[in-house]
Amino acid sequence: MIWKILSRQELTVMIPRQLDRTTIYPLVQSVLDENLNAKCSNITFDFSNLNFVRPAGVTVLSNLIEFLHKAGARTSFKNYEHLDHQAIAYLDDSGFFLHYLGKNLGRDSTVRGTTLPLKLVEYARSYEYMGHTLVPWLASSLAKPEKSLATIKVCFQEIFNNINDHSTCSIGCSFAQHYPKDKIIDITVSDFGIGIPVNVRRLQPSISDQQALALACEAGFTTQTSVRNRGAGLDVLVKNVVIRNGGAVIIHSNRGIVSCTRENGAIKKIPRSADGFYPGTLIQLSLRTDRFISDEIEEEFEW
Amino acid sequence: MVIRALDVVPRCYSNSDGQQLFKVVSEYLRRGEPIVISFEGVDTLPSSFVNCAFIPLLDLFDFGKIKETLSFSNTTPQINEMIKSRFAFEVSRRNSGG
């Protein structure tokens, strides 16, 4: 896919006051048009309004910056130096400015124990990322042995295999935050590929984006975009997080959103249309640390 | 014959890892020789891997023959559940003409 830069002018974009998955649409639309062309060649992100950040907001902002760079646009930041603002300090501690400016803003900035910092993960390195970074961090946050997290680990393997098999890009942006008081761990992985609905519509051309997302979470549904792909990835993800652990899965892709929660022991899936267009897919897993069920380490196989 | 999966593939993760293991397993089944795949050192199996390593056996062999000839050792509940649920779904889909 080739993206264009529509104007050689400069554009300043305000980062929203609350940077989370609910505010990603105006942010994306302020810099990209419907065909994913960059609106200007020089884009400055202004952080002066930023007051609160969630993991989904960090991964989307990062994906957006990476996408603009790929299209040939330049990005810069403005009004980001205020470390006395909690949201800026949080971004700094999370490695955001280190990644994009080459250095932390504060001399004492350090990754918080409750944060798994921003990471752009290429598929080729995703297996090692999960085994050496993500799962050890989760094990520490949940106070469980790594080996007992198999059903959660496989969820991330499904996400990265989906990115590689279906999205036409091979990089996922990952970020996670533990909220001990709320007993919740939010983990977000996002990509700027073609999105799930585009693949589903190859089989069902008239389906809406939100219906496509709900269908993609059904057992055995497959778009067979890869020769040997037979589905089950998102289904496994939803079952393991929602049914087994009482957590939640929320997927944003193109113009659709589907949220999956547990109700009366079953999966309650709510598809809805989004307030805008999201290029690619954003998956947020919310794990309840007080309901987390460890896996048994061994079990004999019987047909 | 016991074959350790990690002696055939570097990891049990992707479609292509599964395809490599499929070549070995299908050859044993073609010869009618029992085979046990050991997952020693493997803690998880994603669906892409299972879909490529084992499910295509259903294109070549009867499910009854697969169950007689192929087994697994050093498994975890996640590994067992993934293999069995993928086979159950595919066998049911094929039986119903899906």
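A, B, ... follow the sequence lines: proteins, then strands. Residue 1 opens every chain.
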R31(B) NZ/CZ over Y28(B) ring centroid, <6.0 Å and within 45° of normal: yes
Proximity breakdown for I79(B) and chain A, heavy-atom pairs closer than 4.5 Å: neither
Portion of F39(B) that has a non-hydrogen atom of chain A nearer than 4.5 angstrom: neither
N-O pairing of E66(A) and K70(A) below 4.0 Å: no
For chain A, the option from Q78(B), K84(B), K67(B) that forms the most heavy-atom pairs under 4.5 Å: K67(B)
More than 12 heavy atoms of other groups within 6.0 Å of K183(A) NZ: no
Part of F49(B) within contact of chain A (heavy atom distance under 4.5 Å): neither
Contacting region of E146(A) [heavy-atom separation from chain B under 4.5 Å]: neither
salt_bridge(D295(A), K144(A)) N-O dist < 4.0 Å: no
Test: K65(B) and E68(B) ion pair at under 4.0 Å: no
